Amino acid sequence: MTKQALLSELNPQQKDAVLNNKGPLLVLAGAGSGKTRVITYKFTYLMSVLKIPPASILAMTFTNKAAAEMKERVEGLTGKSVNGLWIGTFHSLSARILRKEIDKLGFQKDFCIYDSSDSGNLIRSILKEFKIHEALYKGILSKISSLKASLISPEKLLANEDSYGFDEKFARVYVRYQDELRKNNSLDFDDLIMHTVNLCERHPDVLEKYQKEFSYLLIDEFQDTNASQYRLSRLLASKHKNICAVGDDDQSIYKFRGAEVRNIQKFKKDFSKTKVVRLEQNYRSTQNILNIAGSVIALSPERMPKKLWTENGKGEKICYCTAINEKEEARYISQSIKELYLKGRYSYKDIAVLYRINQQSKVLEEAMRENGQPYRIFGGVSFYGRKEIKDIISYLKFIANPDDSVSLKRIVNCPPRQIGGTTITRVENEARKRDESLYNTMKHIIKSNGYTASLKDKIRGFVNIVEELIDEKNIALPELLKKVFDKTGYSSWAGEEKADNLTALVNSSEGKDLRSFLDTASLFSGLDEPLNDDAVSLMTIHSSKGLEFPVVFIAGIEDGLMPHFHAVKDTDELEEERRLFYVGITRAQDMLVMSCARKRRLYTSVQEQQPSRFLSDIPPGYYHCVEKRPRADAVASAIVKMPANFFNTSPYVTGARVRHPKWGVGVVRDSYGETDDVKVTVNFPSVGMKRLSLKFANLEKI
DNA sequence: AAACTAAAGCTTTTT
DNA sequence: GCTTTAGTTT
């Protein structure tokens, strides 16, 4: 890409950010201001125009997803592979350095990286040995994590007994934990950063080597850096000072896990003559949404002054809906989504429902399932993540592909058939010898000698059941599912509570074939795979950071939830809640709907809830209030009027599948008019949305 | 090895 | 209240 072409796609501030490449640069990138664009264009500019070898640009992000997106976009802009470049997360890039240098710290280069469950197990075994209540391991783990994030090693903790709220028992655990890690030649996540900092500080020659190797540093989400990450960045950049930090103090919502917004101020102090660029033009949201966002964040003290503006229109009015309780709130949201969808203006994937705590997802899920709406939960357990659903899906997967040994292992003892770990290990060993799938090995074992009769009986029992199911794999899916429940005895074993979910699964399989059903099911459970499926996104506001949706619902805008009651006593935490609310609002592109419940069940008690205190910071004219009355729900709606065919008797109701002679099969999205002159909106996969009159269009219902 | 029972925890979370 | 997990029993 040429310099001209590159710059022509940027606004003046973005250009400023991309063109300033000598010395420290701080880019304050407001929500929706094209932050990723600036970072990727800057990378491309450094590489293609300034001819800086791409391998000497260190670009650090927080999540794998952000790193992957950056790589993809840089590849797209430059047309060159990003393989081997230093684009990645703080952790992965630190690990890469440590793989080469860690022997200098007394570890071997083939060190292991412990994930949080490994770390947790290690802590628990230490607690057991020290006779400390094991249930405390989570708290201890997070305390150790925050110490490491602040670069406080066990030695340092012991040396400053008075400084850090010293607790002798805890210090012993910390010392021991770190010892064990070393013995196991292992590092936990926080060690990756802390040890890299140690390496640089204790070995000036190594530091110098990397200072030379990286002639430019690019850091994303700078407001999320913790002390150790900041120190590392500073060390690596302290020589040439070519460092660009991109962040937004208004979107700092991870203080609880060690992030320090103050690093933004520190940056300006530590790097003299820092050039500051503000990206304030917002390309994402309507004026109405920005007004709300702006009035909420304006009251945040100590923020760096900035004001987002947009050339977008005023857009839709913003609503705040009050429901009598959390179930009604969920119904209201689900109903509104239905109407938006039927109007054909939005598909499900354009819509997100955000909330403060994962617990809120439960009622939302229930409401959406009642209405047959596809949804996807980010984090937490979704419908497809439930054990019973995963079990049954595994049965189906196995029926479709008996070589799938992973699924086999999941189902072989569900319900229990006395085929436990020992038996499976034997079968696995035999399978390895014979170089065959587990299932084929099982069939072999039944026929061969040299196994006890009871073992063969157990396996035969399983194989017979499954074999019958495989024979019938081509019957209609709901039938097949019922056969699975009966033959395996799953329903009676699973109990009644799970029966509802299983029935829901049968209903959702209506009219689908095995293959496509399984595809959607695994897409739902797959966490990181990009989802092509049309589904509403359900997630916490935290997980929504960095994303955008045409339509955003934020549920539970009440005191106690937003801000959360744990945060109201502490001013800093309260301000973080404010920023969290701001992050939620700024995810919306065209439409924002906030809602609350008068009464909400939280843990044991039903509480009377008050509207969020943050609402009083928004001028009254910026949004309008709606009351959700439980009975009138089907008729009255805050957002859009119900489709005219609500009581329509025409066979072409919304959701019906129809065939058109020219456009093929489509789905009715909406229909209007009286019985003798019905007009329908139909979505055809081939040509998109079409408005047709039943009198003239030669539609056939299928 | 599985099934039952008691008990804890319960804001947000990536690496 | 509900869900997860640890510990005990069969």
Side-chain angles (χ1 to χ4, degrees), chain A residues 60-67 88-95 113-120 124 127-128 133-139 141-142 145-146 148-149 187-194 196 220-221 224-226 228-229 252-259 326 354-363 378-381 385-387 412-425 458 493 495 497-498 527-528 539-546 556 560-570 573-574 576-577 579-581 583-584 600-607:
Chain A
M60 299 200 278
T61 65
F62 273 82
T63 63
N64 289 316
K65 200 178 151 205
T89 62
F90 273 97
H91 292 86
S92 68
L93 297 174
S94 296
I113 299 172
Y114 275 10
D115 68 17
S116 14
S117 77
D118 298 325
S119 305
R124 284 163 69 171
L127 293 181
K128 211 179 242 169
H133 192 39
E134 245 185 273
L136 297 171
Y137 83 95
K138 274 188 187 158
L141 206 56
S142 81
S145 172
S146 53
K148 287 183 176 182
L187 274 66
D188 67 16
F189 289 136
D190 301 298
D191 284 341
L192 291 172
I193 318 286
M194 186 172 81
T196 310
D220 192 14
E221 302 282 12
D224 288 339
T225 49
N226 62 33
S228 65
Q229 289 158 335
S252 159
I253 54 172
Y254 285 111
K255 188 171 179 260
F256 71 93
R257 65 177 201 214
E326 76 276 10
L354 310 182
Y355 38 80
R356 176 67 244 264
I357 60 175
N358 282 309
Q359 207 190 16
Q360 287 174 266
S361 74
K362 208 192 149 198
V363 271
F378 293 72
V381 183
R386 305 242 156 84
K387 185 189 176 297
V412 72
N413 215 20
C414 270
R417 301 181 180 94
Q418 269 108 39
I419 307 178
T422 332
T423 315
I424 286 300
T425 314
K458 284 188 273 182
W493 175 68
E497 323 89 85
K498 294 182 175 169
L527 278 167
D528 286 326
M539 68 186 90
T540 61
I541 305 177
H542 280 93
S543 351
S544 75
K545 205 178 112 189
L561 265 185
M562 183 78 262
H564 192 269
F565 62 89
H566 276 164
V568 295
K569 281 157 257 132
D570 181 302
E573 286 187 51
L574 190 62
E576 182 146 311
E577 297 288 305
R579 294 190 295 266
L580 187 58
F581 187 31
V583 167
R600 180 180 299 273
R601 158 152 259 139
L602 280 166
Y603 312 122
T604 55
S605 59
V606 176
Q607 289 177 15

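What you see is a predicted model, and the numbers here were worked out from it, not measured in a lab. To find a chain, count down the sequence lines: A is the first, B the second, and so on, and within it residues start at 1.
- A donor-acceptor contact shorter than 3.5 Å links the side chain of A:Ser146 to the backbone of A:Ser142.
- Contacts of A:Ser543 classified as side-chain contact (heavy atoms from CB on, under 4.5 Å), with partners at least two apart in sequence or in another chain: A:Met539, A:Thr540.
- By the side-chain contact (heavy atoms from CB on, under 4.5 Å) test, A:Asp191 is found to be paired with A:Lys148, A:Gln178, A:Leu181, A:Leu187, A:Asp188, A:Met194, A:His195, residues two or more places apart in sequence or in another chain being considered.
- Among the atoms of the strands shown, only primed sugar atoms or phosphate atoms (P, OP1, OP2) are found under 4.0 Å from some heavy atom of A:Arg124.
- For the strand DNA chain B, secondary-structure stems (runs of at least three Watson-Crick or G-U pairs, all distances below 3.5 Å) span B:1-10 with C:1-10.
- Partners of A:Phe256 by ring-ring contact (aromatic ring centres under 6.0 Å, His included), not counting sequence neighbours, listed by chain and number: A:Tyr254, A:His542.
- Not a single side-chain contact (heavy atoms from CB on, under 4.5 Å) links A:Lys138 to another residue, sequence neighbours left out.
- With sequence neighbours excluded, no residue forms a ring-ring contact (aromatic ring centres under 6.0 Å, His included) with A:Tyr355.
- Residues satisfying the ring-ring contact (aromatic ring centres under 6.0 Å, His included) criterion with A:His564, sequence neighbours excluded, are A:His566.
- Applying the side chain to side chain donor-acceptor pair (under 3.5 Å) criterion to A:Ser228, with sequence neighbours excluded, gives A:Asn226.
- Nearest to the side chain of A:Lys362, among C:dG7, C:dG1, C:dT3, sits C:dT3.
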Detail all sub-3.5 Å separations between protein N/O atoms and N/O atoms belonging to nucleotides 8-10 of chain C.
none

Contact string for nucleotides 9-15 of chain B, one letter per nucleotide 5' to 3', B = base within protein heavy-atom range under 4.0 Å, S = sugar-phosphate only, - = neither, reads SBBBBBB

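- Partners of A:Lys255 according to the salt bridge (charged side-chain N to carboxylate O under 4.0 Å, His left out) rule, which considers only residues two or more places apart in sequence or in another chain, are A:Asp572.
- B:dT14 and C:dT3 are spaced 24 Å apart, taking the C1' atom of each and rounding to whole Å.
- Legend: residues meeting side-chain contact (heavy atoms from CB on, under 4.5 Å) with A:Arg600, ordered by chain and number and at least two apart, are A:Glu326, A:Glu329, A:Gln360, A:Glu558, A:Leu561, A:Ala597, A:Leu602, A:Gln609.
- For B:dT13 and C:dC2, the P atoms lie 23 Å apart once the distance is rounded to whole Å.
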